[in-house]
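This is a predicted model, so every value here is computed, not measured.
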Amino acid sequence: MTGLGSLTGVRLVEGYRKGEFGPVEVTEEALRRAEEAQPAVNAFVRIDAEEALAQARRSAERWRRGEPAGLVDGVPVTVKDILLLRDGPTRKGSRAVPAQGRWDEDAPSVARLREHGAVFLGKTTTSEFGWKGVTDSPLTGVTRNPYDVTRTAGGSSGGAAAAVALGAGPLALGTDGGGSVRIPAAFCGVFALKPTYGRVPLYPASAFGTLAHVGPMTRDAADAALALDVIGGPDPRDWSGSAPVPGSFTDGLAGGVRGLRVAYSPTLGGQVAVRPAVAAAVRRAVERLAALGAYVEEADPDFADPVEAFQALWFAGAARVTQHFGPRQAELLDPGLREVRAAGARLSALDYLAAVDVRMDLGRRMGLFHRTYDVLVTPTLPLTAFEAGAEVPAGSGLRRWTGWTPFTYPFNMTQQPAASVPVGTDEDGLPVGLHLVAARHRDDLVLRTAHALYEAGAAGVAPPAP
């Protein structure tokens, strides 16, 4: 991928400032790529070409006057169809959500991007209410992987990841309740950050409660830091949001990793079977961290797989988000969502609180772990992208998506910052992701470590063929 569609958001802003190119031609290129790939990949619910070009023209005029609106003025962005984007419906991948109604409000992250002059290309696909780790829904069908359209893009922010990989905007907003920005980022060869819970305000509140995060999906860590500088401010509509941090995440990228204490856990203490090509790519990147001056040690965090507790919290959320649906609406739902909805409805308050107890103990264990280690490194996923349209890989014997995502959902339970970094490909040319985790509120460490890998040439993969 070459040309304007290959440029990062940071580079676009630099180019606008220098007069090398303008927001209109950049937006036209992003729209062209989105529209050309849509029939095969299905990354978008809606492409708002006319409105995007109008926003780009207003941005171009601001740059002409030397008065940009903010940090991402003129940068094309996309918004997952879980988050409100005014002047159009947010149906959350569900036929049970009507398109009619008043759609006159932006989500907090969208509002911050709008204030900073971003150009909104449209809404990207999601699984229904973001309930699973792949992206297909009865409303929009199957979203496919740009590297191989017979494979899944991952999910539930699969459309967002595919859009970034295709050059349809360098910045996408996704949501992550159990891996939903990191899973598709790993499958589609892009970068994704799940910030510390509350760092990016969320409104309306998620039915999945404090498991749900909003995060940027980008070409690299520098773009994610830029995005977090924009969307990370507080919003009065989110009572659980964090206070603003001093300084800039972008300014904190340059510290490098020399002296950083890195724990490398290739299998979470033997709990996860990782495919050899994935393990090899992640290990090479870890060796590069050591060569850059990090103190790397193989060490496993002290916890057993919390999948049962996570599923109790997750299934309860699925029951809650669909609780008001009558029988006719329920029939419209994804069959898998109907199953987990029913399982969630059977849980008692004591079952839920028992899962909360597991969650709190997991947080305690990770808090102690980070007294010794600054950053934990694992694979993002134990495998690369499997067949599109399936919740689990064929022949795996797994029942639910959580069976193949054991590295991601524990860190939604602990609310820690975590990122997926592309670090290579497997024998089929499919991207591999490396997972970075730091202590709560140390988003800067995750971004700085990822940026060091990019700067050293150890992160990033070749873009998909047109």
Side-chain angles (χ1 to χ4, degrees), residues 126-137 152-158 174-187 192 194 206-213 265 267-275 278 301 303-321 334-347 351-352 354-356 358-359 362 366 378-387 389-416 418 420 433 435 437:
T126 175
S127 58
E128 193 164 19
F129 299 106
W131 82 270
K132 60 183 175 180
V134 294
T135 300
D136 58 72
S137 77
T152 180
S156 60
S157 306
T175 63
D176 190 315
S180 286
V181 299
R182 292 161 290 153
I183 293 166
F187 280 173
K194 178 187 76 67
S206 172
F208 298 104
T210 58
L211 295 172
H213 304 57
S265 179
T267 62
L268 292 180
Q271 296 183 77
V272 185
V274 179
R275 290 188 183 173
V278 173
F303 65 78
D305 187 355
V307 64
E308 291 184 5
F310 175 79
Q311 287 182 336
L313 299 169
W314 194 251
F315 293 175
R320 176 61 178 161
V321 76
D334 181 331
L337 177 56
R338 288 202 300 269
E339 291 178 9
V340 302
R341 171 191 192 232
R346 291 191 294 268
L347 294 167
D351 294 329
Y352 189 89
V356 171
V358 172
R359 181 182 190 180
L362 181 60
M366 288 308 301
T378 71
T380 306
L381 298 166
L383 73 177
T384 53
F386 52 88
E387 59 271 22
E391 183 183 345
V392 300
S396 66
L398 299 173
R399 175 64 177 155
R400 296 267 76 102
W401 63 271
T402 44
W404 51 270
T405 59
F407 295 110
T408 60
Y409 57 76
F411 303 105
N412 292 81
M413 298 175 75
T414 61
Q415 303 186 338
Q416 292 172 250
S420 182
H435 199 222
V437 184

Which pair of heavy atoms, one from [X] and one from [Y], lies closest together, and at what distance?
{"X": "T414", "Y": "L362", "result": "CG2-CG, 3.5 Å"}
{"X": "G158", "Y": "P184", "result": "CA-CB, 3.9 Å"}
{"X": "K194", "Y": "H213", "result": "NZ-NE2, 3.3 Å"}
{"X": "Y409", "Y": "T402", "result": "CE2-O, 3.4 Å"}
{"X": "L381", "Y": "F187", "result": "CD1-CE2, 3.3 Å"}
{"X": "A318", "Y": "V340", "result": "CB-CG2, 3.9 Å"}

Are the side chain of [X] and the backbone of [Y] linked by a donor-acceptor contact shorter than 3.5 Å?
{"X": "S265", "Y": "T378", "result": "no"}
{"X": "S127", "Y": "D136", "result": "no"}
{"X": "S157", "Y": "T175", "result": "yes"}
{"X": "T408", "Y": "G178", "result": "yes"}

Requested in this report: Tell me, with the steps shown, if M366 and F303 meet side-chain contact (heavy atoms from CB on, under 4.5 Å).
Outcome: CA-CA 9 Å; M366 288 308 301; F303 65 78; 3.8 Å; yes
Query raised in the report: Is any NZ, NE, NH1 or NH2 atom of the basic residue among R341 and E128 found under 4.0 Å from an Asp or Glu carboxylate oxygen of the other?
Result: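 So R341 does not pair with E128 through a salt bridge.
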Kindly compute the distance separating [atom1] ([X]) from [atom2] ([Y]), expressed to the nearest 0.5 Å.
{"X": "R182", "Y": "N412", "atom1": "CZ", "atom2": "CG", "value": "5.0 Å"}
{"X": "F310", "Y": "D305", "atom1": "CZ", "atom2": "CG", "value": "11.0 Å"}
{"X": "F129", "Y": "S156", "atom1": "CZ", "atom2": "OG", "value": "12.0 Å"}

Query raised in the report: Around R338, counting heavy atoms of other residues, nucleotides and ligands shown, do more than 12 lie under 6.0 Å from its CZ?
Result: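 More than 12 heavy atoms, drawn from other residues, nucleotides or ligands, come within 6.0 Å of this atom.
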Query raised in the report: Does E308 CD have over 12 foreign heavy atoms under 6.0 Å away?
Result: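 Not buried by this count: 12 neighbours or fewer within 6.0 Å.
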Requested in this report: Give the C-alpha distance, both sets of side-chain angles, the deciding distance and a yes or no for side-chain contact (heavy atoms from CB on, under 4.5 Å) between D351 and F315.
Outcome: CA-CA 11 Å; D351 294 329; F315 293 175; over 6 Å; no
Query - Check: P306 and M413 side chains under 4.5 Å, non-hydrogen atoms - result: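 Yes - at least one pair of side-chain heavy atoms lies under 4.5 Å apart.
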**Report entry** Verdict with supporting geometry, E387 and T152, side-chain contact (heavy atoms from CB on, under 4.5 Å)
**Finding:** CA-CA 6 Å; E387 59 271 22; T152 180; over 6 Å; no
Requested in this report: Please list, chain by chain and in numerical order, all residues satisfying ring-ring contact (aromatic ring centres under 6.0 Å, His included) with F208, sequence neighbours excluded.
Outcome: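 Only W314 meet the ring-ring contact (aromatic ring centres under 6.0 Å, His included) criterion with F208.
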Please table the atom pairs, donor to acceptor, closer than 3.5 Å between any side-chain atom in residues 390-398 and protein atoms at least two apart or in another chain.
unit_1	atom_1	unit_2	atom_2	d
E391	OE1	R400	NH2	2.8
E391	OE2	R400	NE	2.9
E391	OE2	W401	N	3.0
S396	OG	P393	O	2.8
S396	OG	L398	N	3.2

Query - Under the side-chain contact (heavy atoms from CB on, under 4.5 Å) test, residues paired with V356 that sit two or more places apart - result: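 Counting only residues at least two positions away or on another chain, V356 forms a side-chain contact (heavy atoms from CB on, under 4.5 Å) with L313, Y352, M360.
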